[in-house]
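The structure under discussion appears below in the form of structure tokens.
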Amino acid sequence: MPKLQPTLEVVPEKPETGLEDAESEKATEESQLDAIIIGIGQFGRFQIFNYLLLCLPIICNAFYSISFVFTAGEVLHRCHIAQCDNLATSYEAPFLNFTTPQRHGSWDQCEHYAVRSDPLVGASCNASSFDADRRFGIFCADQWKLSMVGTVNNIGQFVGIPLGGYLADRYGRKLLLVAAGVLSSFAGLARSTAPEYYSFLSLEFLDMAVGSTLFPTAFLLAVELVGPQHRVVAATMISLTYGLAEALMGYLADFLRDWRVLLRVLYAPALLHLTFVCLLPESVRWLLSQSKELEAKATLRRVARVNRKELPEQQLDALIRSNRRLVEQSSASGGHYSFRQIFQALGGRTALCCFVWFTHTLIALGLSLNSTQLRGSKFENFSMTGFMQLPGILMATTLMNWIGRRWALSSCQFTCAVLLLAVAATDKVCPFASSILYFLAKMVSTGSFMILYFFTSEIFPTNCRNSMLSFCSSVGRFGSMLAPQTTLLIVHYQYAPHLLFALFGFTCSGLALFFPETTNKVLPTTLAEARALDKSIPKVKVPKSVA
């Protein structure tokens, strides 16, 4: 039967001229680590166990980044009609037919018809007492406070993600996961006891400032744990976990209607991040980039032992020797590139990446938030957007392998934009079909987001990979800051959010084609290798033989 051999061929590339010639000559260094990983198991028992551990930060991040949909969501309400309401009145009442207008098939929550001032009519509860041509509405003046919670949540992510990325590249992925998980748990549990609005808002910001880095850090650690042929599987598992967690939160919110209890249930499990100190290994790629060679060798030996594979010491020695040469000749001072070096080498790619991230966060979060405006239960609709992420992720996995990263990203964004226009066009004619199209748009948007996460982790070098993923993601948070406010546009035009998302989707679809292709290519270690992606970076070739 076919077997993977513990060797990795790399097609050499002519090095660039200039400051980074020495780095370009090292294009095969990273392949030695990939060859070792192939030999000791690209996705064996060791990786499976660690993936189960990494489900915890992924689930927590899914809960924390969007829990404000329910903790700061609108409660079903309508205006108090002084002439008609009393202590025994329910939400639905016959007098609403002549006292309250309808909006989108339900009673308006913020306005009622003006009371006539005719003294002959009086203030009795009958149709003649209300003027259907005039409305009176001062009851929702503070509605902005609810959407502001979502904006502050994303401001916290804007601050926390780049800071977390820098700390992860400086001090390690494992340490950051432990610290961020525990601190976010404390912040969330404290928020469940907040006595008033502004303390709740402050703790919302603090929570995401420390907890927003859980997903990108866990995602990168997962990708760096496996061999080149299993990176897509790694990204798929992580993303499926996120979608399931989001769907689960919809059911939890439906079952636990008290927002304080809901927060305690969501945040208490994050304390389990403390177990990562003993159970979770540090990224071997990060250890090597920091010259922590003894720890890297110990981790690789542990992987081989758990996966029941052989690891020749001469391979480890060759890896360490080549890594020392790579670190010594790298232009990254102390094992780290400065932001000036990164932007001089990859400024255009970084700017493009930031815009694409902005578009994805705007559309993905906007679709989740606006799902509560659809017909039916808002809890079930929200959970459905979570479940629709699962086929979207599997679709993205297939597309990435079939047509490559660039075309998969562009195609998903284009399709999502078309579906959103179709939602607006069919909602009045066929509401059921419109809802199906809406959930399909969410499915495609999620697939596109997965491709983007995966893509971003491949176009930057190792010792600034987490920093740049976090930077692009952080700039993208401007989109998620804007997303909670898009629900306010519905008052002016019901389909305004759909049109806005479609406009950005079409733009992003075109610009995504300017990215370099990275399918089946070695993860770049240096800036020179990352720049070479725009040309023809070496491709991974894993030979097979028949046993």
Side-chain angles (χ1 to χ4, degrees), residues 60-77 109-110 138-164 179-215 246 249-250 252-253 256-268 270-271 358 361-362 364-366 368-373 378-379 382 470 473-491 497:
C60 289
N61 186 261
F63 287 165
Y64 306 163
S65 62
I66 203 169
S67 61
F68 65 86
V69 172
F70 301 111
T71 60
E74 287 188 9
V75 178
L76 188 63
H77 65 279
Q109 296 181 319
C110 298
I138 61 171
F139 307 102
C140 294
D142 290 336
Q143 190 174 6
W144 63 271
K145 289 185 176 180
L146 296 179
S147 59
M148 182 56 66
V149 174
T151 298
V152 168
N153 176 290
N154 286 282
I155 292 175
Q157 295 187 51
F158 174 76
V159 173
I161 289 176
L163 178 61
V182 173
L183 290 175
S184 64
S185 179
F186 287 153
L189 293 174
R191 194 161 86 254
S192 72
T193 64
E196 41 78 38
Y197 176 75
Y198 290 102
S199 61
F200 180 94
L201 208 62
S202 300
L203 289 168
E204 182 82 38
F205 171 83
L206 180 61
D207 170 23
M208 294 315 299
V210 296
S212 58
T213 192
L214 288 173
F215 185 94
E246 193 169 299
M249 189 174 66
L252 286 174
L256 304 171
R257 296 299 181 96
D258 187 325
W259 64 269
R260 296 184 187 273
V261 176
L262 177 63
L263 284 177
R264 290 162 192 165
V265 170
L266 295 180
Y267 279 83
L271 293 174
F358 171 89
T361 57
L362 172 66
L365 182 59
S368 292
L369 297 179
N370 282 276
S371 68
T372 60
Q373 305 293 327
K378 69 175 183 178
F379 302 102
F382 183 87
S470 297
S473 176
S474 179
V475 174
R477 294 302 144 184
F478 283 110
S480 52
M481 290 178 204
L482 179 62
Q485 307 301 327
T486 61
T487 57
L488 302 178
L489 297 176
I490 297 175
V491 176

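Worth saying up front: this structure is predicted, and the values here are computed from it rather than measured.
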Who passes ring pair (Phe, Tyr, Trp, His ring centres under 6.0 Å) against Tyr267, sequence neighbours left out?
Tyr64
Distance, nearest 0.5 Å, that separates CG of Asn153 from CG of Leu201:
10.0 Å
side-chain hydrogen bond (donor to acceptor under 3.5 Å, both in side chains) with Ser65: which residues, sequence neighbours excluded?
Tyr242
Heavy-atom count check: over 12 atoms from other residues, nucleotides or ligands less than 6.0 Å from Phe205 CZ?
yes
If you round to the nearest 0.5 Å, how far is OG of Ser473 from CZ of Phe158?
11.0 Å
So which atom in Leu214 and which in Ala180 form the shortest heavy-atom distance, rounded to 0.1 Å?
CD2-CB, 3.9 Å
What residues form a side-chain hydrogen bond (donor to acceptor under 3.5 Å, both in side chains) with Arg264, not counting sequence neighbours?
Ser192
Please identify each residue that fulfils side chain to side chain contact (heavy atoms under 4.5 Å, CB included) with Leu163, with sequence neighbours left out.
Leu167
Taken in chain and number order and not counting sequence neighbours, the residues that satisfy side chain to side chain contact (heavy atoms under 4.5 Å, CB included) with Val475 are Cys354, Phe471, Phe478
Output all residues satisfying side chain to side chain contact (heavy atoms under 4.5 Å, CB included) with Thr361, sequence neighbours left out; order by chain, then residue number.
Trp357, Phe449, Arg477, Ser480
Quick one: which residue pairs count as a salt bridge (charged side-chain N to carboxylate O under 4.0 Å, His left out) with a foot in residues 185-198, not counting sequence neighbours?
Arg191-Glu204, Arg191-Asp207
Could I get the full list of salt bridge (Lys or Arg N to Asp or Glu O under 4.0 Å) partners for Glu246, not counting sequence neighbours?
none
Can you name the residues that form a salt bridge (Lys or Arg N to Asp or Glu O under 4.0 Å) with Arg257, not counting sequence neighbours?
Asp254
Closest non-hydrogen contact found for Ser67 with Leu266 is CB-CD1, 4.0 Å
Nearest atoms (heavy-atom pairs only) where Ile161 meets Thr213
O-OG1, 4.4 Å
Please enumerate all residues that pass side chain to side chain contact (heavy atoms under 4.5 Å, CB included) together with Ala253, with sequence neighbours excluded.
Phe70, Leu262, Phe379
Could you walk me through whether Ile155 and Met481 pass the side chain to side chain contact (heavy atoms under 4.5 Å, CB included) test, one step at a time?
CA-CA 7 Å; Ile155 292 175; Met481 290 178 204; 3.7 Å; yes
Quick one: list whatever passes side-chain hydrogen bond (donor to acceptor under 3.5 Å, both in side chains) with Ser212, sequence neighbours left out.
none
Can you see which heavy atom on Ala270 is nearest to which on Gly181, and at what distance?
CB-O, 3.5 Å
